[in-house]
Amino acid sequence: MADYTSLEKIRLEKIEELRAEGIEPYPTRAERTHTSAQAISGFEAAVEGAEVRATLAGRIRATRPMGKLTFAHIEDGAGRIQLFLRVNELGQEQVDFFNRAFDIGDFIQAAGVMMRTRTGEATLLVHEFRMLAKAVSPLPAAKDETLEDGTVVRHAALEDSELRARQRYADLAVNPQTRETFRKRAAVLRSLRAFLDGEGFLEVETPILQPIYGGAAAKPFTTFHNQLKQQLYLRISFELYLKRLLVGNLERVYEIGRDFRNEGVSYKHNPEFTQLEFYWAYADYLQVMDLTERMVSFAAKEVTGSYKVVYQGTEIDFTPPWKRIEMRAGLLEATGVDIYAHADGDSLAAALKAAGKNPPADAPRGKLIDWMLSEFLEPKLVQPTFLYDYPRDISPLAKSRPGDPLTVERFEGYVAGFELCNAFTELNDPLDQESRFIEMGRDYAADDEERHPMDEDYLRAMRYGMPPNGGFGMGVDRLTMLLTDKHSIREVLLFPHLRSGASEEE
RNA sequence: GGGCGCGUAGCUCAACGGCAGAGCAGUGGCCUUUUAAGCCAUUGGUUCUGGGUUCGAAUCCCAGCGCGCUCACCA
C-alpha cells in the first residue's frame with residue numbers, strides 16, 4: 001500500500017469530506033463547451049457588450065485566494081485561462097468551499113461569462129463549478145513569473161532529469177515544454193511517413209519476435225514462446241525482412257518501428273529505439289543519398305518551420321545539397337595518411353605514427369580506420385555531411401564498387417558530430433551473401449551472442465532473385481534530438497529505460 | 001565496464017565536523033481585480049542505503065544503489 005505523505009493525508013481527508021457532503025470527487029462525466037483558447041478568442045472576437053458564456057474544464061495550476069474573491073489559473077490541452085470566483089456570483093459559502101476543497105492539480109469544471117479584469121486579462125467569471133477529479137498527490141507545481149518584457153521565468157520547476165523521466169506523467173503535467181517536445185516527436189514521425197508515402201514507398205510491418213535475428217552487428221534480447229517451446233529474439237534490425245519484400249516485387253518499402261539491442265546505454269543509446277529503414281529497388285546509394293537529404297530537410301522544415309535549426313548552440317543547416325566527402329580523401333586531409341596506400345594494419349599504423357598520430361596498438365586495418373574516423377573526422381562533421389565509399393573491412397554487408405573490390409558503396413550521414421543514418425547499395429547475390437554469413441559466423445565464433453546466425457530462409461528468398469537496390473537506416477530518436485535541441489535521447493523518449501524501475505531485482 | 005561529479009522537506013536549493021535551514025507548496029488567520037498576489041502565524045526530514053572514523057557526521061572514510069559527464073564497448 002502507498003505510504004502517504006502528510007500533504008497527501010490532508011487531501012485524502014478532503015476527499016472524505018466531499019463524500020460526506022454528498023459530492024463525488026471523481027464524477028463519471030464532464031461537460032465543456034470551450035477550450036481555454038476558444039473561450040479567449042471567442043471573447044476577443046465578440047462585439048462590445050455581447051455576452052460570451054463558456055463551460056471550461058481543466059487542471060488547476062495556481063490559486064490566489066483574497067477573502068471574498070479568488071483568482072485561479074487552469075490549464076487544458078489548449079493552454080491556460082484565468083478563473084475569477086467572486087462572492088457576488090457564487091456567495092461566500094461557495095467561495096469558501098472552493099478555497100477549502102480545491103487544490104492545485106485538481107481537475108475542475110467551471111461555467112460562467114467571459115470578462116476582462118482590471119489588468120486586461122480575458123478571464124472566466126465563474127457562476128458554477130464542480131470537481132472533476134481530485135488529486136491525492138501534490139504536483140511539483142512551478143510558479144511562472146512574467147517579467148516586464150514578457151519573458152516568463154519559472155520558479156521551482158521540476159527539473160531533475162531522472163525524476164522527470166521516471167515520472168513522465170508529472171513532467172508532462174507541469175512542464176509545457178515537455179509536451180511540446182513530444183508533439184514535435186509526433187511531427188517528425190508524421191513528416192517522414194508523409195515524405196516516403198509521397199515518394200511511392202509502402203509502409204509495412206515485419207516481425208519484432210524473430211526466430212533468427214540479423215541485419216546488424218548487435219547483441220539481441222532473447223525471449224521464449226512457452227507453448228511453441230521456441231527460443232525467440234527481439235529484432236536488432238528490419239533489414240532481412242524488408243529485403244525479402246523486394247523479392248516479392250514490392251519495389252519501395254519502409255518501416256518505422258522499434259529495434260532492440262542488448263548493449264550499453266548512453267546519452268545517445270537506449271536499449272529500445274525507433275528506427276526508420278527503407279529499401280528501394282533499382283536505386284543505388286547515390287540515389288539514396290539524394291533522397292535522404294530531401295527527406296531530412298523536409299522533416300526539419302515540417303517540424304521546426306525552417307531548414308536551419310539551432311542544436312546545442314550551433315546552427316545546423318539542412319538545406320540540400322549536403323556536403324559530400326569521400327572517406328579516403330577526408331581521412332587523407334584530416335590525417336595526411338592515405339588508407340589505400342596501406343593494405344594491412346601494421347603498415348597503416350606505421351604511417352599514422354610517422355604522421356605524428358598515436359593509434360591503438362595491434363589493431364587490424366578496419367579497426368584503425370574506425371579509429372581515424374572517430375578521432376579526426378567525425379567530430380568535424382557538424383553541418384549535415386555524407387561520408388561515402390567505405391573500406392570493405394568495416395562494411396561486411398554492402399556491395400563492392402564495380403572494379404574496386406576493397407571499397408563498398410556505402411554512406412553515413414553525420415550531423416552535429418554524430419551518426420544519423422547509414423545506407424548502402426545492398427547485396428543481392430545469394431552466393432556472395434551465403435559466403436558472408438559463413439565468414440561472419442566464423443569471425444564471431446568465440447562470442448556466441450554477437451555471432452551472425454545463418455538465415456536459410458533469407459538465402460532462399462534471395463535465390464528467387466532480388467532486384468538491385470539501395471537500403472537506408474536512420475535513428476529516428478537522434479533526428480528528434482536534433483530537431484528538438486535535446487542533448488540526451490532520454491529527453492525525446494516518453495519512458496526511457498532506467499535502472500531498477502518498477503520491478504524488483506533478484 | 002573504468003574515471004570524475006552529484007544525491008538534504010512535495011518542488012527548487014542552502015548549511016560542508018558542532019542545535020538541519022530558506023523560498024514555493026501545505027495548514028490556520030486577514031484581505032472584493034490578483035497574477036511568483038501580499039501580510040501574520042505554523043506544520044513538514046530514515047540528509048539515497050549500509051557500515052566505519054570521531055566526544056560529535058548531511059559534512060570525513062569504505063561499500064552499495066541511482067543519476068549526470070566522460071572514456072571504452074557498441075552503429
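Order of the sequence lines sets the chain letters (A, B, ...), proteins ahead of strands, with each chain counted from 1.
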- Query: So, does the side chain of A:Gln82 form a donor-acceptor pair with the base of B:U34 at under 3.5 Å?
  - Reply: yes

- Within less than 4.0 Å of OP1 or OP2 of B:A37, is there a side-chain N or O belonging to A:Arg64? yes

- Query: To the nearest angstrom, how far is A:Arg100 atom CZ from B:G29 atom C1'?
  - Reply: 16 Å

- Message: Over all strands shown, is A:Lys14 touching base, sugar-phosphate only, or nothing at heavy-atom distances under 4.0 angstrom?
- Response: sugar-phosphate

- Task: Tell me whether the guanidinium CZ or amine NZ of A:Lys357 lies under 6.0 angstrom from the six-membered ring centre of A:Phe376 and within 45° of its axis.
- Result: yes

- Counter-base of B:C16, judged by Watson-Crick or G-U geometry with both distances under 3.5 Å: none

- Could you verify whether a donor N or O on one side chain and an acceptor N or O on the other, from A:Gln92 and A:Asp96, lie under 3.5 Å apart? yes

- As its Watson-Crick or G-U partner within any shown strand, both distances under 3.5 Å, B:G38 has B:C30

- With nearest nucleotides of RNA chain B determined for A:Arg86 and A:Ala62 from heavy-atom distances, which residue corresponds to the more 5′ nucleotide? A:Arg86

- Query: How is A:Leu163 classified with respect to the nucleic acid when contacts are heavy atoms under 4.0 Å: base, sugar-phosphate, or nothing?
  - Reply: sugar-phosphate

- Determine the contact category for A:Ile10: base if any of its heavy atoms lies under 4.0 Å from a base atom, sugar-phosphate if only primed atoms, P, OP1 or OP2 are that close, otherwise nothing. sugar-phosphate

- Task: Whole angstrom is fine here: how far is it from CG in A:Leu124 over to C1' in B:U34?
- Result: 16 Å

- Classify the nucleic acid contact of A:Leu158 as base, sugar-phosphate or nothing, counting any heavy atom under 4.0 Å across all strands shown. sugar-phosphate

- Message: For a quick check, tell me whether the side chain of A:Thr117 and the base of B:U34 share a donor-acceptor pair closer than 3.5 Å.
- Response: yes

- Between B:U47 and B:C40, how far apart are the P atoms? Round to whole Å, please. 31 Å

- Query: Which one, B:U32, B:C67, B:U33, comes nearest to the side chain of A:Arg490?
  - Reply: B:C67

- Nearest-Å distance for atom pair OH/P, residues A:Tyr4 and B:G10: 16 Å

- Message: Check the phosphate of B:C73 against A:Lys268, side-chain N and O only, distance under 4.0 Å to OP1 or OP2. Yes or no?
- Response: no

- Between B:G66 and B:U8, how far apart are the C1' atoms? Round to whole Å, please. 16 Å

- Query: A:Glu159 near the nucleic acid: base, sugar-phosphate alone, or nothing, with a heavy-atom cut-off under 4.0 Å?
  - Reply: sugar-phosphate

- Under a 3.5 Å limit on both distances, the Watson-Crick or wobble mate of B:C73 is none

- Picking from B:C69, B:G26, B:C74, the nucleotide nearest the side-chain atoms of A:His487 would be B:C69

- Comparing A:Glu412 and A:Thr5 on RNA chain B - which has the more 5′ nearest nucleotide: A:Thr5

- Query: Given the C1' atoms of B:C19 and B:G7, what is the spacing between them in whole Å?
  - Reply: 24 Å

- Please state the C1' separation for the pair B:G45 and B:A22 - nearest whole angstrom. 15 Å

- Taking any strand in view, what nucleotide pairs with B:G44 in a Watson-Crick or G-U wobble way, both distances under 3.5 Å? none

- Message: By nearest atom, which of the nucleotides B:C11, B:C67, B:C69 is closest to the A:Glu162 side chain?
- Response: B:C67

- Query: Could A:Glu75 and A:Arg59 be called an ion pair, given the rule that one side-chain N must be under 4.0 Å from one carboxylate O?
  - Reply: no

- Task: Taking atom P in both B:C39 and B:C48, compute the distance separating them and give it to the nearest angstrom.
- Result: 32 Å

- Base, sugar-phosphate alone, or nothing: which one does A:Arg61 contact when heavy atoms must sit under 4.0 Å apart? nothing

- Look at A:Arg499 and B:C67 and indicate whether a side-chain polar atom (N or O) is within less than 4.0 Å of OP1 or OP2. yes

- Watson-Crick or G-U counterpart of B:A9, or none if no pair lies under 3.5 Å: none

- Are A:Asp103 and A:Lys134 close enough for a salt bridge, meaning some N to O gap below 4.0 Å? yes

- Can you check whether A:His73 has a side-chain N or O nearer than 4.0 Å to OP1 or OP2 of B:U34? no

- Item | Short side-chain N/O contact to B:U32 OP1/OP2 from A:Arg118, under 4.0 Å | no

- Message: I'd like the P distance from B:G5 over to B:A63, given in whole Å.
- Response: 13 Å

- Please give, in whole Å, the distance from B:C73 C1' to A:Glu419 CD? 15 Å

- Message: Using Watson-Crick or G-U wobble geometry with both distances under 3.5 Å, which nucleotide pairs with B:C4?
- Response: B:G68

- Query: Rounded to whole angstrom units, what separation is found between the CH2 atom of A:Trp371 and the P atom of B:C74?
  - Reply: 16 Å

- Query: Do A:Asn88 and B:U32 share a donor-acceptor pair, side chain to base, under 3.5 Å?
  - Reply: yes

- Is the shortest distance from a Lys or Arg side-chain nitrogen in A:Arg164 or A:Glu491 to a carboxylate oxygen in the other one below 4.0 Å? yes

- For A:Arg261, which contact category applies under a 4.0 Å heavy-atom criterion: base, sugar-phosphate, or nothing? sugar-phosphate

- Nearest-angstrom distance, C1' atom, B:G18 to B:A58: 13 Å

- Item | Value rounded to 0.5 Å, distance of CZ in A:Phe424 from CZ in A:Phe411 | 10.5 Å

- Task: For nucleotides B:C62 and B:A57, find the distance between their C1' atoms and express it as a whole number of Å.
- Result: 15 Å

- Message: If I take atom NE2 in residue A:His269 and atom P in nucleotide B:C69, what distance separates them, rounded to the nearest angstrom?
- Response: 14 Å

- Message: For A:Glu128, I'd like to know if atom CD has over 12 heavy atoms of other residues, nucleotides or ligands within 6.0 Å.
- Response: no

- Aromatic A:Phe495 / basic A:Arg168 pairing, under 6.0 angstrom, 45° off normal: no

- Just how far, in rounded Å, is P of B:G38 from CZ of A:Phe71? 14 Å

- Query: Taking the side chain as C-beta and beyond, is there a heavy-atom pair between A:Leu483 and A:Thr480 under 4.5 Å?
  - Reply: no

- Would you kindly give the CZ-to-P distance between A:Arg166 and B:C65, to the nearest whole Å? 14 Å

